[in-house]
Every structure is written in C-alpha cells, then in structure tokens.
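Report on the structure given below.
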Amino acid sequence: MSPRKRRAWAIAGGLALLALATALVLNALQSNLVFFFSPSQIAAKEAPTSGSFRVGGLVEQGSVRREPDGVTLRFIVTDTAHTVQVAYQGLLPDLFREGKGVVAAGKLDADGVFRATQVLAKHDENYMPPEAADALKRAAGASGGARAATGNPAAPTGTASNKATNALRPEAQ
C-alpha cells in the first residue's frame, strides 16, 4: 500500500472515530436533558406526553395531603393561571411549604397527574428558579395582575403585582 493510501485510510479512520465520539456525546446529552414547563404550558398540551420534564410554580395553599398508604404525598403546583396535581413518594426538602416555590421532576401520567421522582424547594425567601419566576410572571399578566400574583384577592393592581413578581427573582434584590 502506498503512503498516500495509508494516509487516506488514517484520515478516514480518524474521522470515523470523531463521528462516533460525537454521536456518543450527543446521545448522552439528549438522554440527560430535562426541560421545564409551567402548569399553563402543561394545560396547553405543550409538555411531552412521554419522557421526563420539570414542572415548577407555587405549592397551592391547602393542597398538600398524604395518601392513606402513608408514603405518597399529593399537592398542587400552580402558576396562578393553571394548576397541576403532583404525586410524590419520598422525603420532601425541609423548605417545602404551601405557598412557596417548588420544582418537581418526573413524568405526566395519562390521567393528568404529574408523577414526580424528585422535588426541589427554593433555598431561601427570595429565590425561585428563573424559569418558574418567568412562568409565574407570564401567568400573572395573563390572569389579572396582582390578585393572581400575590394570591390575595384584595390586593390592588399595579405596583403590588410588580413587587410580588420581583420578589421571586434573585436579581431584584
């Protein structure tokens, strides 16, 4: 075999190895990629019907209840415009509370219940994941401002809405 053919085979082999490595990396990234959806997006059927994703928003007041089996916990996540019922088996974070921000990772069942495999709570009073804060802000704007954003039906519109929404964002400090 001539040196020219050997060089061509070496280049072709190197390109094949590079293509294989690229395919393996992209496959690993695709299988670990988890998208975020708000309850409004889930209600609009924008969320995948198969596969894992995250849902985030606020834990609705009075919605947390433990099932008779003693292991399963059910609660409702809301973005103030729509809600999603979540079922979770496991230990909840210490900061998990009604009326506070939460992000749950899992899958949506055919019956519309989100089966969470992981629940994440915010880590202090002023933080919420940017995706959840943006979803709450969009939902509050679409459903009537401060009343929806603050959860207070007597709250005035205008600046109270901005304060409630800005309190959810870390850069508002």
Side-chain angles (χ1 to χ4, degrees), residues 34-173:
V34 180
F35 291 102
F36 176 89
F37 292 93
S38 70
S40 292
Q41 290 173 309
I42 293 171
K45 307 277 191 238
E46 294 175 17
T49 55
S50 63
S52 295
F53 64 93
R54 290 183 177 176
V55 62
L58 300 174
V59 178
E60 194 171 88
Q61 291 287 343
S63 70
V64 178
R65 61 184 166 83
R66 191 161 298 277
E67 292 293 309
D69 65 5
V71 178
T72 304
L73 184 80
R74 290 185 181 265
F75 57 93
I76 295 175
V77 175
T78 182
D79 62 1
T80 67
H82 291 91
T83 62
V84 172
Q85 186 176 19
V86 178
Y88 177 67
Q89 292 183 348
L91 296 174
L92 289 170
D94 291 337
L95 297 174
F96 180 87
R97 304 270 187 280
E98 292 179 350
K100 301 295 182 180
V102 68
V103 174
K107 295 181 179 184
L108 192 64
D109 277 353
D111 59 355
V113 175
F114 187 80
R115 303 285 175 189
T117 56
Q118 182 181 29
V119 174
L120 306 169
K122 63 184 185 170
H123 67 276
D124 73 11
E125 293 179 11
N126 298 318
Y127 179 76
M128 178 175 284
E131 298 92 349
D134 290 341
L136 285 171
K137 186 176 180 181
R138 283 192 306 271
S143 66
R147 288 174 176 81
T150 62
N152 181 0
T157 57
T159 58
S161 174
N162 293 338
K163 285 181 185 177
T165 305
N166 287 338
L168 301 174
R169 303 181 135 242
E171 60 270 5
Q173 298 175 351

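Screening residues 62-73 for salt bridge (Lys or Arg N to Asp or Glu O under 4.0 Å) gives R65-E67, E67-R74 as the qualifying pairs, with residues at least two apart or on separate chains. Within the structure, the salt bridge (Lys or Arg N to Asp or Glu O under 4.0 Å) test picks out no pair touching residues 38-60 (sequence neighbours left out).
Across every non-hydrogen atom of P48 and F37, the tightest pair is CD-CE1, 3.4 Å. Across all non-hydrogen atoms, the minimal contact from Y88 to A116 is CD1-O, 3.4 Å. When all heavy atoms of K107 and G51 are compared, the pair lying nearest together is CG-O, 3.6 Å. Listed here is the closest heavy atom pair of T80 and T78: N-OG1, 2.9 Å. When all heavy atoms of A47 and F53 are compared, the closest pair comes out as CB-CZ, 3.8 Å.
Once rounded to the nearest 0.5 Å, the distance linking OG1 of T83 with CG of L58 reads 12.0 Å. Atom CD of Q61 and atom CZ of R97 lie 12.0 Å apart (nearest 0.5 Å). The NE2 atom of H82 sits 13.5 Å away from atom CD1 of I76, with the distance rounded to the nearest 0.5 Å.
Side-chain contact between L120 and P93 is absent, with no heavy-atom pair separated by less than 4.5 Å. Looking only at side-chain heavy atoms (C-beta outward), D79 and P39 come within less than 4.5 Å of each other. Side-chain contact between V86 and F75 is present, with at least one heavy-atom pair separated by less than 4.5 Å. Within the 4.5 Å cutoff, the side chain of V113 has heavy atoms near those of the R115 side chain. Q89 places a side-chain heavy atom less than 4.5 Å from the side chain of T72.
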Practice task
Check the pair F114 / V77 against side-chain contact (heavy atoms from CB on, under 4.5 Å), numbers first and verdict last.
Solution key: CA-CA 10 Å; F114 187 80; V77 175; over 6 Å; no
